[in-house]
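First the proteins, then the strands, lettered A, B, ... as listed; each starts at 1.
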Number of protein chains: 2
Amino acid sequence: MSRLKPTIEDVARVAGVSRATASRAINNAPGASEPLRARVHAAVAKLGYQPNETARALASGRQRAVDVIVVTYGPGIRWLRAHPYFSRVLAGMMPVLEGANAQLRLHAVGHAAATEAIDEIAANTTLGAVLADITPALANRFYSRCRRTVSMVPTASSVPAMQADNIGGAYAAVNHLHQLGHRRIAAVHGPALNPCAVDRRTGYLRAVRKLGLTEVSADGDFRREGGYHAAKTLIEQHPDIDAMFVACDLMAAGAVQAVTASGRRVPDDVSVIGFDDSIAAVCTNPPLTTMRLPVEDMAVAATRLLLEGTPAPGHRQRFPVDLVVRDSVRP
Amino acid sequence: MSRLKPTIEDVARVAGVSRATASRAINNAPGASEPLRARVHAAVAKLGYQPNETARALASGRQRAVDVIVVTYGPGIRWLRAHPYFSRVLAGMMPVLEGANAQLRLHAVGHAAATEAIDEIAANTTLGAVLADITPALANRFYSRCRRTVSMVPTASSVPAMQADNIGGAYAAVNHLHQLGHRRIAAVHGPALNPCAVDRRTGYLRAVRKLGLTEVSADGDFRREGGYHAAKTLIEQHPDIDAMFVACDLMAAGAVQAVTASGRRVPDDVSVIGFDDSIAAVCTNPPLTTMRLPVEDMAVAATRLLLEGTPAPGHRQRFPVDLVVRDSVRP
DNA sequence: ATGAAAGCGCTAACAC
DNA sequence: GTGTTAGCGCTTTCAT
């Protein structure tokens, strides 16, 4: 081995052609005859040549990579670890990227240094970026630096986004509970800063008002522990509640445990309805009746959108949030 | 705006220095005087200059990125979506990468096209790759093409790896059950191809033999549904079992549901012990007693190892698998 | 300390 | 159809 890595130059020499022809053959580009193509491919095989993607990207000016950005609040490691959401967006993206032979670059940026991190990422995007979890302000900043962007969460109106009906889903959840005869419906909400959580809270509030129920709310943090404590507080302060709307499945899992710990049964004494239909929904006992957020579908659509070109400003793609009936709500 | 993106050339011109000096200033490299550095930084700020990472990588020959590879069997989307394992390795890696300002490239390669995908990734690695889930054969192939590799799962002996004590953990789990008085201890195993699953099976078998118990096994697939069905079969065919060792928490969640569905209670009638201590372990009812696989720690260590340089062939870093007591085992 | 100039490995005009 | 050549934006000798 004279060199560690053969370059296209080596391939060209071995094949007895010019670098340009070698390039054309390797990229299946037009403008090369069959015989030469064959010689080039033989040389490639012989040398075990693999194109240098970096050089390719620099020369062609295009690179096939999509960046996914999640800004974490507090210890990101804990958040990322616990929450099924992120694997769901990755799971949705990977297959379509694989099919388009594009790369996926994952960025978890801490809230503190978010601004400069955002700027650097924006400057180096190629196919574009999926904003998996971000505040409207940061989304806007990113979008002002890079138009090939799509957000997975509600943001400023100009930023292209996948839009799940969080408000309608929460409304439907409460309505479902009401139709089944529940009248004291409490809620465990998500973080006040999280746009999805805000929408779900809105949906709950609207339903409660529409149905003439009294609002009973506690705040959670989208994590199981938060759901547990919020539910515990709720039960202690309002022993008469007969149902809970919990703004995500992870918190709902905690809520179910809190209900059980209080000596009550789910769903016989207290019904619990979750949100997301994540893996957590089917791990609980009983499995959760929940509102399905089609995260994978949204991720697929977001990725396709980026692959197609630059999304129009304000572009929206709507996704329904449907009821999934399991066993945590008394029929 | 005359240009879309300012280059270092623009910075140099605005600062009234050469490109070389601009580069030195931007990279905090030695060989530039304070006054010039200041002028360069001012120009950077004025133009909003952001270095082009691709060009930087090509010119310097080094790039700061680590690739994480997971080869998926069957519909990768389902697997990635459901299994908490992957987010745990990502959660472990991200913060250390962030601190080292390196990128994370995620590759989910289908089993079918794995070989060529592996080759291409290997040819373009920079800091190195962590093999999150892979067969020994593919790990070996990858390692033969790229030495900056570390596997998160058991593999061929030459490939550097993080080594969790799966055998010992499984053994300890069965032993724990035995000490608490259980004598009919069944097992739900993982996929026969998965090296971790193989080790856990081995640990169960050894313990069963050592303790003079009779082996009762069923095969699962590391997914909840598989755990449910395996446990259901086990209960039907061996109604007298009083405990189950389940090779991962996701399957254990299913097993708990199957036990409940059969009219038995966990842990009063049947104890269930899981493996992983993933998010699923705390979502179940009751929360799972389980064996903690320190995935995040392993991912952190793997990433640090790559950041430090090329791991020695056969390098091993061992991690204990400890008991986490919750409520799914009768005391 | 500073600048001129030579590439990094590849693609894409542009000639032939 | 094929080869020659000029860059992509940056880092890094090597003169000065």
Return the minimal non-hydrogen interatomic distance between A/P313 and A/Y143, and the atom names on each side.
-> CA-OH, 3.3 Å
Take atom CG of B/N124 and atom C1' of C/dC8, then tell me their distance rounded to the nearest Å.
-> 14 Å
Whole angstrom value for the distance that separates P of C/dC8 from NZ of A/K5 | 16 Å
What nucleic acid atoms does B/G31 come within less than 4.0 Å of, heavy atoms only: base, sugar-phosphate, or nothing?
-> base
Going 5' to 3' through nucleotides 10-16 of chain D, assign each nucleotide B (protein heavy atom under 4.0 Å from a base atom), S (under 4.0 Å only from sugar-phosphate atoms) or - (no protein heavy atom that close).
-> BBB----
When rounded to whole Å, the CZ to P distance for the pair B/R39 and C/dA1 reads 16 Å
Atom CG of B/L47 and atom P of D/dG9 are separated, to the nearest Å, by 15 Å
For A/Q63 and C/dG9, give me the distance from atom CD to atom C1', rounded to whole Å.
-> 14 Å
Applying salt bridge (charged side-chain N to carboxylate O under 4.0 Å, His left out), run through A/K5 and A/D10 and close with a yes or a no.
-> CA-CA 9 Å; A/K5 290 224 182 193; A/D10 301 318; over 6 Å; no
Compute whether any side-chain donor of one residue and acceptor of the other, for B/T54 and A/T54, lie under 3.5 angstrom apart.
-> no
Ignoring hydrogens and angles, tell me if any N or O in the side chain of A/N28 forms a donor-acceptor pair with the backbone of A/R24 under 3.5 Å.
-> no
Please check if any side-chain donor atom of A/R56 sits under 3.5 Å from a side-chain acceptor atom of A/N27, or the reverse.
-> yes
Where do B/H315 and B/Q317 come nearest, in terms of heavy atoms and distance?
-> NE2-OE1, 3.4 Å
